[in-house]
Amino acid sequence: MGPLTQSIRELSANERQWQVLNRQGHCVVHAPPGSGKTKLLVTCLAYDLFNRIPEPHGAACITYTTAAAEELRRRLASLGVSARPSLFVGTVHSFAINRIIGPFAALLGKPELVKASIASDEQQEEAYRLAVGSRFGSSCNWKEKRKQIEFHRRRLSTVEEWNRGGEGLLEACSSYESLLRGDGLIDFEGAVAAAVDLVEQHEVVRRVLSARYRRLYVDEYQDLAPGLDRLVRALCLRPDSDVELLAVGDPGQAIFSWNGARPELISELSSLPGVSTVHLEHNYRCGEEIIRASTRVERVGRKVTAVRGGGEVLAVFCPAGFTEQCHQAAAAVGLAHRRGVPLHEIAVICSMNAQCREVAEVLRGAGLAVAVPGVEYPRAPVTLFVESCAAWAMLGREQSGHRLGAIHRRWRRLLGPTWTRDTDVRLTELLVGYRDKPVTYARRMLADLLGMGLRRAMARPAQSDNANALDRMQHAVELGALADATVVDLASRAMRRDRVNVTTMSSSKGLEFEVVLLLGADEGLMPYWSSANDPAKLEEDRRKFYVSVTRARSTVKIFYSRSVATSAGRAKPAEPSRFLYEIGLLHR
Ligand SMILES: Nc1ncnc2c1ncn2[C@@H]1O[C@H](COP(=O)(O)OP(=O)(O)OP(=O)(O)O)[C@@H](O)[C@H]1O
């Protein structure tokens with residue numbers, strides 16, 4: 001039986017998933033953790049492409065982060081879906097830039113958009129500093145103002161909302177955008193806003209997109225800012241555009257409202273005429289006890305039924321502080337591993353990147369292999385490409401799940417106009433060559449790829465984000481934490497095999513592990529100091545805790561110290577996290 005048939009057969013055993021596979025018209029799926037949202041979305045897309053969307057038509061599948069998009073592509077490939085020009089799988093930014101602005105801006109007489117390059121982090125920082133300084137004076141905390149401005153830009157706020165946000169904010173935003181425009185630049189927020197405008201204002205854009213992408217699939221709807229919601233409404237819910245929508249999400253896992261997301265949009269979407277709603281309730285991932293404990297923390301109040309029995313949730317007190325938590329976590333990893341749990345089935349989750357680095361150091365010191373995705377270098381298309389090259393080269397297609405065809409397509413996208421067929425041949429020869437060499441360092445492989453045209457391609461302005469990620473990867477493999485890493489190490493990062501995953505609570509979203517070790521469960525970190533008096537932020541921290549706990553299949557250990565480290569590094573007494581009481585592990 002092929003993998004798609006197998007997946008469809010599994011869905012058929014669940015009445016509600018089956019209903020979604022056979023839906024007619026727009027459908028919104030609300031579903032708790034582990035209930036198969038992603039599996040359902042990907043299986044529906046694969047099934048529809050084979051059975052309901054004849055070529056040359058296609059579909060668009062949109063999610064929030066590059067890592068989530070990568071996971072969707074991987075799962076689609078494993079179901080036998082191959083690329084077609086009218087199939088888009090990626091982030092909302094990428095859809096806005098490559099599938100809306102790229103094809104339509106010139107046609108509609110917007111030369112400034114056609115020529116604009118994506119601003120690098122440094123260029124954005126410089127423009128924000130200048131714009132905020134000129135409106136609020138140089139003594140103003142420009143980073144704080146930048147956060148506020150970005151929030152409103154992602155929200156596509158109205159003038160009233162901007163004004164409610166604070167005096168002068170909208171002016172500073174206009175001057176930021178005009179500084180970028182003056183330099184021929186645009187940022188992701190600007191690109192999404194421009195794309196929304198093109199789709200909403202121009203019937204021709206809606207008609208062409210509707211013909212090309214017959215169906216639209218959206219993952220993690222609760223985390224997407226209004227920009228995507230506006231695109232969805234314009235493409236799916238207006239009389240002159242008839243793209244069929246399948247959206248999945250969970251307001252109980254919304255953790256990006258601080259960033260402009262509006263989790264209530266998925267419920268609003270559900271209530272629209274012509275949109276059917278399905279609530280999933282079986283959790284296939286977590287043992288029964290984990291579901292019972294986590295349900296005490298979340299506030300959505302829905303029914304979740306366990307498919308698996310067992311599961312354990314424990315608290316571990318480490319009175320000597322966070323460093324002791326790291327050592328205890330290393331011991332817990334060792335114990336689980338000795339009991340037969342592979343290292344990649346163990347996650348150590350912290351609230352901040354700095355803690356991830358600290359615990360990663362301790363784990364490495366204990367002789368454990370560690371993956372800290374996104375901390376040593378960002379997960380961008382180019383760094384994921386390098387990892388997948390290593391995986392294919394060292395492990396082959398069957399074992400790695402990475403296909404040469406997909407690697408070539410990414411290579412072609414990255415090289416852009418500098419790509420030639422010959423570069424595909426050279427890339428293949430290079431990768432095949434590593435298999436015969438005894439040990440090749442990751443820095444050598446990166447140097448080879450850079451020399452084969454990657455460096456030159458990164459000089460294009462549109463690649464500035466990739467270029468930045470690649471610089472950080474280069475630094476990590478030449479001088480940083482990965483200086484001794486080999487191509488095999490890079491391969492296992494792509495596979496996430498045989499190494500403990502260290503990740504932040506936010507980045508743990510969408511992942512699943514046998515064992516989860518959650519560190520830093522003290523007031524001040526969980527929830528954050530700044531959330532304690534802000535009900536909305538407190539709820540978001542609670543949801544992050546809920547997301548982290550529900551990553552585990554069988555064991556969750558939560559570490560606390562009754563103290564937190566100050567910025568000066570001193571231990572300050574703190575209460576255990578209130579979530580430890582709510583989940584039922586501590587009692588007052
Ligand atoms: N009908 C099914 N039969 C068997 N297993 C299933 C079924 N549906 C989902 N699963 C399994 O449940 C697990 C969770 O699925 P998936 O990752 O798609 O859930 P999710 O809802 O996206 O989770 P989360 O929101 O927590 O990230 C996976 O291991 C998946 O294979």
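Please read all numbers here as calculations on a predicted model, not as lab measurements. Atoms within a ligand are numbered from 1 in the order they appear, just like the ligands themselves.
A salt bridge does not link Arg551 to Glu512: none of the charged nitrogens lies less than 4.0 Å from a carboxylate oxygen. Using a cut-off of 4.0 Å between Lys/Arg side-chain N and Asp/Glu carboxylate O, Glu71 and Arg74 are scored as salt-bridged.
Within 4.0 Å of ligand 1, counting heavy atoms only, the contacting residues are Glu10, Gln17, Pro32, Pro33, Gly34, Ser35, Gly36, Lys37, Thr38, Lys39, Arg75, Gln253, Tyr284, Arg285, Gly510, Glu512, Arg551.
With contacts defined as side-chain heavy-atom distances shorter than 4.5 Å, the pair Val313/Leu585 qualifies. Between Ser276 and Val28, every side-chain heavy-atom pair lies at or beyond the 4.5 Å cut-off. Looking only at side-chain heavy atoms (C-beta outward), Arg578 and Leu538 come within less than 4.5 Å of each other.
The aromatic rings of His93 and Phe188 sit parallel to each other, their planes meeting at less than 30°, with 60° as the upper class boundary.
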